[in-house]
Structure formats: C-alpha cells, structure tokens
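Every heavy atom of this structure was used, including side-chain atoms; hydrogens, water molecules and symmetry mates were not. Throughout, residue positions are numbered sequentially from 1 according to the sequence presented.
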Amino acid sequence: MAGGLDTSYPAAIDQADFWEGVRSLTAPGATGTDIAVALASSGYYCGYAAHSSCSAEDTLLSGSKEQLDGQLNNANASYRGHVLEVTRPGSYFTWCTRNNNFTNRSQKVVSLFRLV
C-alpha cells in the first residue's frame, strides 16, 4: 500500500492500515501481516509466522530459508496469491510497479471500500 497519490514508494507493512482490515479467503488462518509478507515476497515466504496453511519452516520468522533476493530471483516465477475480503471500509492507495520509473509514468489507484 502506498501512503497516498503523492508518493511513489510503498508504506512499510506495519505502517499500512490496509492489512488490519483484510482477511484471506484462501488462507483463513493468516493475519494481515502474514498476507502482506507472502504477497511482498511473491510467495517465497508463506507468511510472517506459522498459521493453518503455512508451516513454520516456510515463514519469514523461521530464518531457515535462504534469504530472499532483493530482485526476487529466488522466488517462484508464478504465485497464486490470496483472495482477500476487505472487512473495514476506507480509501486505500496502491500503485503498479511495472513500468514505474518514479517519474511521470506511475500507475496509481485509489480503491474505495464500503460495507454493504
């Protein structure tokens, strides 16, 4: 999650309130932090800590895996991700890193969620 439309860099996981208001339908035991870590690592880590669909040795906390390469070179080429349910209304800012050289080509999105 980005801090707003005026930024071109991601907010730290612990500073992005989006993760507190989502739950995974594909990994029901995962916390928001688990989901964020899995998505940020392209599935290299299945979460921050172990949960119902994530064994302890595949987590960021375990330290048993080789450290993730900064360019994701040792992550899988494909990742199924999570199906998320947004549980808290709000406005959330995201952006696409593809073709983003932090100038005039940034691709930013505002998602508005309300409970129905």
Trainee: With W19 as reference, evaluate D34, I35, T33 under the side-chain contact (heavy atoms from CB on, under 4.5 Å) test and give the passing residue.
Mentor: I35

Trainee: When rounded to the nearest 0.5 angstrom, what is the spacing between CG in L112 and OG in S91?
Mentor: 4.5 Å

Trainee: Measuring from Y45:OH to S62:OG, what's the distance to the nearest 0.5 Å?
Mentor: 7.5 Å

Trainee: Donor-acceptor pair, distance only, cut-off 3.5 Å: does the side chain of S24 make one with the backbone of P28?
Mentor: no

Trainee: Report yes if some heavy atom in the side chain of Y48 is under 4.5 Å from a heavy atom in the side chain of T31; otherwise report no.
Mentor: no

Trainee: Evaluate the ring planes of F113 and Y92, with Trp represented by its six-membered ring, and classify them as parallel (under 30°), tilted (30 to 60°) or perpendicular (over 60°).
Mentor: tilted

Trainee: Looking at every non-hydrogen atom in both residues, tell me the closest pair between H51 and G29 and how far apart they are.
Mentor: CB-O, 3.3 Å

Trainee: Please find the pair of heavy atoms, one from A38 and one from Y79, that lie closest to each other, and give the distance.
Mentor: CB-OH, 3.3 Å

Trainee: For the atom pair CG (D58) and SG (C46), what is the distance rounded to the nearest 0.5 Å?
Mentor: 5.0 Å

Trainee: Specify the closest pair of heavy atoms between V22 and T87, including all atoms of both residues, with the distance to one decimal.
Mentor: N-OG1, 3.8 Å

Trainee: Do R88 and D17 come close enough that some side-chain heavy atom pair is under 4.5 Å?
Mentor: yes

Trainee: Report yes if some heavy atom in the side chain of H82 is under 4.5 Å from a heavy atom in the side chain of L39; otherwise report no.
Mentor: yes

Trainee: Minimum heavy-atom separation for G81 and T26, please, with both atom names.
Mentor: O-OG1, 4.1 Å

Trainee: Quick one: which of N74, V37, L60, D69 gives a side-chain contact (heavy atoms from CB on, under 4.5 Å) with Y44?
Mentor: N74

Trainee: If you compare all heavy atoms of T59 against all heavy atoms of S55, which two are closest, and at what distance to 0.1 Å?
Mentor: CG2-O, 3.4 Å

Trainee: Show the nearest heavy-atom pair for residues C54 and G47, with the distance to one decimal.
Mentor: SG-N, 3.7 Å

Trainee: Just wondering, more than 12 heavy atoms not from Q71 lying within 6.0 Å of its CD?
Mentor: no

Trainee: Indicate yes or no: does E57 engage K65 in a salt bridge with an N to O separation below 4.0 Å.
Mentor: no

